[in-house]
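Heads up, the thing below is written out as structure tokens.
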Number of protein chains: 2
Amino acid sequence: MDKRLIYISDDEINICNIIKSFLIKEGFNVETFNDGRSILEAFNAKPADLLVIDIMMPEIDGFSLCATIRQKSSVPIIIVSAKDTESDKIAGLTLGGDDYLTKPFSPMELIARVKSIFRRIELDKTNVRNNHVIKICDILINPNTKQAEFDGKNIGLTGMEFNLLYYLAENKDRAVSRNELLDKLWGFENEVETRATDDMIKRIRKKLSIAGSVLKIDTVWGFGFKIVENI
Amino acid sequence: MDKRLIYISDDEINICNIIKSFLIKEGFNVETFNDGRSILEAFNAKPADLLVIDIMMPEIDGFSLCATIRQKSSVPIIIVSAKDTESDKIAGLTLGGDDYLTKPFSPMELIARVKSIFRRIELDKTNVRNNHVIKICDILINPNTKQAEFDGKNIGLTGMEFNLLYYLAENKDRAVSRNELLDKLWGFENEVETRATDDMIKRIRKKLSIAGSVLKIDTVWGFGFKIVENI
DNA sequence: CAAAATTGTGGCAAAATTGTATCAAAATCG
DNA sequence: CGATTTTGATACAATTTTGCCACAATTTTG
């Protein structure tokens, strides 16, 4: 991934420089500004990945800036200010700020908070996108695409077949009873013969075999099925 | 949307109750615990949408708890503590905390921070990527002009068709359910037959094919659609 | 070993889902 | 306002999935 770009805006040039040096040491790209208008223009020209802004600035104050940017962008914003009253903090956080730090603050704490925000964004991103992909034996089971792949190509499981294989893979090395499968995959209310599970297993085995996989679904006699990860 | 569920853990029962009453007034569901083990067990049994935890607690301390939960879950965590040293704050934020508040704190500020975190999550969810030209297979999808182009010429998608193709392209390699499409593109309140999505897909496929593109929209049986980037 | 219980296999048809064509309502536009 | 485009609905055809059956094969049990 490219270095993340952070814009800092504070009318005290010294503070800008201190924060900047710390953030650069942590591997971020940083640009500094000394009033609200210039950071807004810079952001419109080239969006940053995170903004650190002071409340009291010439031209445009931090609150207005925060609200303005939030109308168009979801960029994370950290507000830093000498104003430490409860109402200031609440205003800042409510107008779109992701965090509010009161001066004087420790640069290390700022960095920890910056990283925490980026981690939050990553967590949210992977949450939406990547469910857990399971690789078992020579089969890749991907719940995002709802495909099981051998050697890079889809082995063509149907929805139900996929769910069953995924469930067994999640519970590998544990025998899963037919009743558990009926409960979890078919649903409690669904009235269906117990042998329906055998049918699904039959079809999955066939498709695995046709694809050329050596993954085996073991039968646990009088109980159910299991997948054993045989190294 | 359902009410969000928040778990609070603090060995001072009074603090739990104060926070709880404020959060409930704001429309959250809240449960309180007085040590680290009980909140962990509760979370394992039924995950909450956000955790507020104290550092100094019996059984399991807040730092360990934070690290433990973060191994398996991306639930947002706010740490509250009487420990106000820089190193404590940094430790808390680094171990997975989304925020760190030092006691005594204003309940209103806590609420503002809770809301700020939920807003961040919503922003991350909706803004996958904005106004970004996507090239997929042989098709160029340009959200600025709202045109999809093959070989430099517009293939003539309508507005809705374009939005659908763009959404699928943004989420390529992930199966998107019909309900997700209805929510995100038609809008939650809009009551429309599920089959409306099929109609759009049909029209997009036809226009892609007429234009001469080889881009394929896959049907995920019993679920929805997806675009797979086939190299 | 033989009977009973359980599982594997192939085929089949009902049920569910999707594709297609057509049409009318709704929106857009000049 | 009228013409055109867009878009959702309906009906029906085509396809896919999946439960079930009958029977063979296998395993357990006495």
Side-chain angles (χ1 to χ4, degrees), chain A residues 145-148 154-168 175-210 213 215-228, chain B residues 145-148 154-168 175-211 215-228:
Chain A
T145 57
K146 298 192 184 284
Q147 286 185 353
N154 183 14
I155 71 172
L157 296 184
T158 69
M160 210 61 166
E161 289 162 7
F162 179 87
N163 292 339
L164 177 43
L165 180 62
Y166 189 69
Y167 191 81
L168 289 178
V176 178
S177 76
R178 289 187 174 77
N179 277 332
E180 180 179 343
L181 291 174
L182 290 177
D183 275 10
K184 294 284 172 63
L185 301 179
W186 272 260
F188 183 67
E189 73 292 342
N190 202 335
E191 285 183 23
V192 71
E193 280 291 322
T194 307
R195 291 297 300 278
T197 54
D198 296 65
D199 280 302
M200 284 297 158
I201 294 285
K202 170 181 65 179
R203 286 166 177 136
I204 297 170
R205 282 173 173 157
K206 182 165 232 168
K207 287 179 183 175
L208 284 171
S209 144
I210 287 175
S213 167
L215 177 60
K216 292 282 174 276
I217 300 175
D218 294 349
T219 302
V220 181
W221 220 85
F223 186 77
F225 306 93
K226 72 172 189 289
I227 290 180
V228 179
Chain B
T145 59
K146 299 239 171 218
Q147 286 187 352
N154 182 13
I155 71 171
L157 295 184
T158 68
M160 211 59 170
E161 288 163 6
F162 178 86
N163 292 338
L164 178 43
L165 181 63
Y166 188 65
Y167 191 83
L168 289 178
V176 178
S177 76
R178 290 188 172 77
N179 278 332
E180 180 179 342
L181 291 174
L182 290 177
D183 276 9
K184 293 287 170 62
L185 301 179
W186 272 260
F188 182 68
E189 73 291 342
N190 202 336
E191 285 184 23
V192 71
E193 279 291 320
T194 307
R195 291 298 300 278
T197 54
D198 296 64
D199 280 302
M200 284 296 155
I201 293 285
K202 173 182 64 182
R203 286 163 178 143
I204 297 171
R205 281 173 174 157
K206 184 165 232 168
K207 287 179 183 176
L208 283 172
S209 146
I210 287 175
L215 178 61
K216 292 281 174 276
I217 300 175
D218 292 350
T219 302
V220 181
W221 220 86
F223 186 77
F225 305 94
K226 72 172 188 282
I227 290 180
V228 178

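In the text below, chain A, chain B and the rest are named by the order of the sequence lines, each starting its count at 1. Treat the numbers as computed from the prediction; the structure is a model and nothing was measured.
Going from atom CD1 of Ile201(A) over to atom P of dT6(C) covers 18 Å, rounded to whole Å. Look at CZ on Phe225(A): it is 13 Å from P on dT6(C), rounded to the nearest Å. Rounded to whole Å, atom C1' of dG8(C) lies 15 Å from atom CD1 of Ile204(A). Atom-to-atom, CE of Met200(A) to P of dT17(D) comes out at 10 Å; the value is rounded to the nearest Å. Leu157(A) places its CG atom 10 Å from the P atom of dT17(D), with the value rounded to the nearest Å. Protein atom CG of Asp218(A) is 14 Å distant from nucleotide atom C1' of dT7(C), rounded to whole Å. Put simply, CZ on Phe162(B) is 17 Å from C1' on dT6(D), counting in whole angstrom units. Whole-Å rounding puts the Arg178(A) CZ to dG19(D) P distance at 14 Å.
An OP1 or OP2 oxygen of dG19(D) is reached within less than 4.0 angstrom by a side-chain nitrogen or oxygen of Trp186(A). Checking the phosphate oxygens (OP1, OP2) of dT17(C), no side-chain nitrogen or oxygen of Thr219(B) falls inside 4.0 Å. Contact annotation: Lys206(B) side-chain N/O to dG19(C) OP1/OP2 distance is not under 4.0 Å.
Side chain of Lys202(A), nearest nucleotide from dG11(C), dT16(D), dT6(C): dG11(C). In the set dT7(C), dA9(D), dG19(D), dT7(C) carries the atom at the smallest distance from any side-chain atom of Asp198(A).
To the nearest 0.5 angstrom, Gln147(A) atom CD is 7.0 Å from Asp218(B) atom CG.
You'll find the side chain of Met160(A) stays beyond 4.5 Å of the side chain of Leu164(A), heavy atoms only. Residues Leu165(B) and Lys207(B) fail the side-chain proximity criterion, which asks for heavy atoms closer than 4.5 Å. For the pair Phe225(B) and Leu181(B), the minimum side-chain heavy-atom distance is below 4.5 Å.
Summarising the base pairing, dT9(C) is matched to dA22(D) through a Watson-Crick or G-U wobble pair whose two defining distances lie under 3.5 Å. The pairing partner recorded for dT28(D) is dA3(C), the criterion being a Watson-Crick or G-U wobble arrangement whose two distances lie under 3.5 angstrom.
Nearest-nucleotide positions on DNA chain D place Glu161(B) closer to the 5' end than the other of Thr194(A) and Glu161(B). Comparing Asp199(A) and Trp221(A) against DNA chain C, the residue whose closest nucleotide sits nearer the 5' end is Trp221(A).
Judged by distance alone with a 3.5 Å cut-off, a donor-acceptor contact links the side chain of Arg195(A) to the base of dG8(C). Side-chain atoms of Arg203(A) come within donor-acceptor range of the base of dG19(D), with a qualifying N/O pair under 3.5 Å.
Contacts of Phe223(B) with the nucleic acid, taken as non-hydrogen atoms under 4.0 Å apart, involve only primed sugar atoms and P, OP1 or OP2.
Both tests pass for Lys146(A) against the ring of Phe223(B): distance under 6.0 Å to the centre and angle within 45° of the axis.
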